[in-house]
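Below: one structure, written as structure tokens.
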Amino acid sequence: MDPVNVREFEALARERLDPVHYDYFAGAAQDEITVRANESAFARLALVPRVLRGAAAPTLDVTLLGADASMPIVMSPTAFHRLAHPDGERATARAAAEAGTIMIAAMLSTVAIEDIAAEAGKVAADPALWFQLYIQPDLGFTEAIVRRAEAAGCRALVVTVDSPALGRHERNDRNAFHDLPDGIRCENLRELRGGEPGSVRQVVLSPEISWRHIDWLREITPLPIVLKGALHPLDARLAVERGVDALLVSNHGGRQLDTMPATIDQLPFVAEAVEGRVPLLLDGGVRRGTDVVKALALGARAVAVGRPVLWGLAADGEAGVARVLEMLRAETAHTLTLCGCDGPRAVTRDLVRETRCCH
Ligand code: FNR
């Protein structure tokens, strides 16, 4: 049966995936409290629509750091797409370019960033590709990766800052899933020697990474910098003062520190700290067009989706990702119409109200 919504795509993906890989994608840290909270917090918020506004049919396009997106929904960076489908990030990149939205390619992708960019370029003349970076203590290596992303045409760096150590995923421990299968590698972590691909490095997640590294990055690249995973309002303010160009409000889909707040619950606090000085994106638990509109109401310029893309990819490759994106697009347009809004900019704070129970 064809899935009719994103959650049904997850069920289909689960049927098709190796259970160990399904657990890797679906799982989160420790008791998985945060990953559940991300979704249930959206359910606790109610939309209070305006009526009789005679609004035009909604248009969804937004501009993010100079990149045009056809909807306020972009792709979060997620690792290892070739575990979901043999085409891996190639399929994801084509679907994103076809949908006219931004793909944030993960540093831990299983297709090299140059090949991801080439694939997107086959579909769209000017695809919007951003690159997610874990700053490595070896700055020379970090700089080499940044240069590759720049040369491939990536238009922003999304620096993930919620990972001074790897999150503890008990599902992976139980399944003894610690290595990629033969033939699947993190292609961006290959050392290039004289243009020839060499050995693949291990990613290093280090607690020593600090604001100094953000300053360093600012100096070595002209690309806009998006900080992903700063949830504390004091950090959000520091980020703005340090000249960061945007924030992606994220708890890593519950995969890092368990019991972090749901992102939609934390968004208003970050928005208050930032006072509109930089655009905010949000990811975590976005599964419906209503979730998108709630995030816009509470201060996000756009949302990003992680697992929904992986479910589409596992279910049906590029076509599956395309379907997931189109479902979210259609639901968002429909929700805007039902709220009396003609586009993302018409969504205001008063459309959302907290309720006590989950629906
Ligand atoms: C992630 N995420 C992630 N984030 C990041 O900055 N670098 C990465 O390599 C990864 N890898 C990754 C793998 C998998 C399997 C998942 C599910 C997630 C986190 C991701 O960018 C995003 O924050 C969350 O996925 C958003 O939550 P939802 O949409 O999955 O609920």
Side-chain angles (χ1 to χ4, degrees), residues 6-7 9-10 13-14 17-18 20-29 32 34-43 73-85 88-89 92 102-111 113 130-136 145 156-164 166-167 169 171-172 177 180 186-189 203-205 209 226-231 247-257 260 262-264 266-267 281-288 291-292 295 300 302-314 321 324-325 328:
V6 168
R7 288 194 178 86
F9 256 107
E10 171 167 2
R14 186 173 196 165
L17 281 165
D18 175 329
V20 171
H21 298 161
Y22 170 78
D23 270 351
Y24 165 73
F25 290 133
E32 304 192 344
T34 295
V35 68
R36 283 194 299 277
N38 278 346
E39 288 195 38
S40 59
F42 275 113
I73 304 162
V74 309
M75 280 184 188
S76 296
T78 51
F80 310 162
H81 288 196
R82 288 191 60 214
L83 288 182
H85 190 275
E89 289 83 359
T92 326
I102 299 165
M103 174 179 182
I104 307 175
M107 178 164 124
L108 301 181
S109 59
T110 47
V111 170
I113 186 60
W130 294 358
F131 186 79
Q132 177 266 327
L133 179 72
Y134 288 116
I135 295 177
Q136 300 296 285
I145 293 189
L157 290 178
V158 177
V159 184
T160 303
V161 294
D162 59 15
S163 306
L166 193 64
H169 296 196
R171 294 200 211 198
N172 292 347
F177 176 64
L180 289 172
C186 290
E187 296 294 343
N188 298 324
L189 298 185
V203 67
V204 178
L205 301 180
I209 303 302
V226 182
L227 224 56
K228 175 174 187 279
L231 279 191
L247 295 178
L248 171 42
V249 176
S250 173
N251 54 31
H252 216 114
R255 297 166 75 85
Q256 282 299 114
L257 176 65
M260 278 203 261
T263 48
I264 193 66
Q266 192 63 10
L267 176 63
L281 291 94
L282 168 138
D283 75 17
V286 175
R287 303 291 180 266
R288 285 286 190 186
D291 300 336
V292 178
V303 302
V305 285
R307 292 181 186 83
V309 168
L310 296 167
W311 305 145
L313 184 63
V321 180
V324 163
L325 292 176
L328 290 171

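In each ligand, atom 1 is the first atom listed, and ligand 1 is the first ligand listed.
Near ligand 1, residues Y24, F25, S76, P77, T78, A79, Q132, Y134, T160, K228, S250, H252, G253, R255, D283, G284, G285, R287, V305, G306, R307, P308, L310 each place a heavy atom inside the 4.0 Å sphere around the ligand atoms.
R307 has no carboxylate O lying under 4.0 Å from a charged side-chain N of E10, or vice versa, which leaves the two without a salt bridge. For the pair R288 and E39, the salt-bridge criterion is not met [side-chain N within less than 4.0 Å of a carboxylate O].
The backbone N or O of V158 sits nowhere less than 3.5 Å from a side-chain atom of Q132 that would complete a donor-acceptor pair.
Among residues two or more places apart in sequence or in another chain, the side-chain hydrogen bond (donor to acceptor under 3.5 Å, both in side chains) test is passed with Y24 by none. Y134 is linked by a ring pair (Phe, Tyr, Trp, His ring centres under 6.0 Å) to nothing, counting only residues two or more places apart in sequence or in another chain. Among residues two or more places apart in sequence or in another chain, the ring pair (Phe, Tyr, Trp, His ring centres under 6.0 Å) test is passed with H169 by none.
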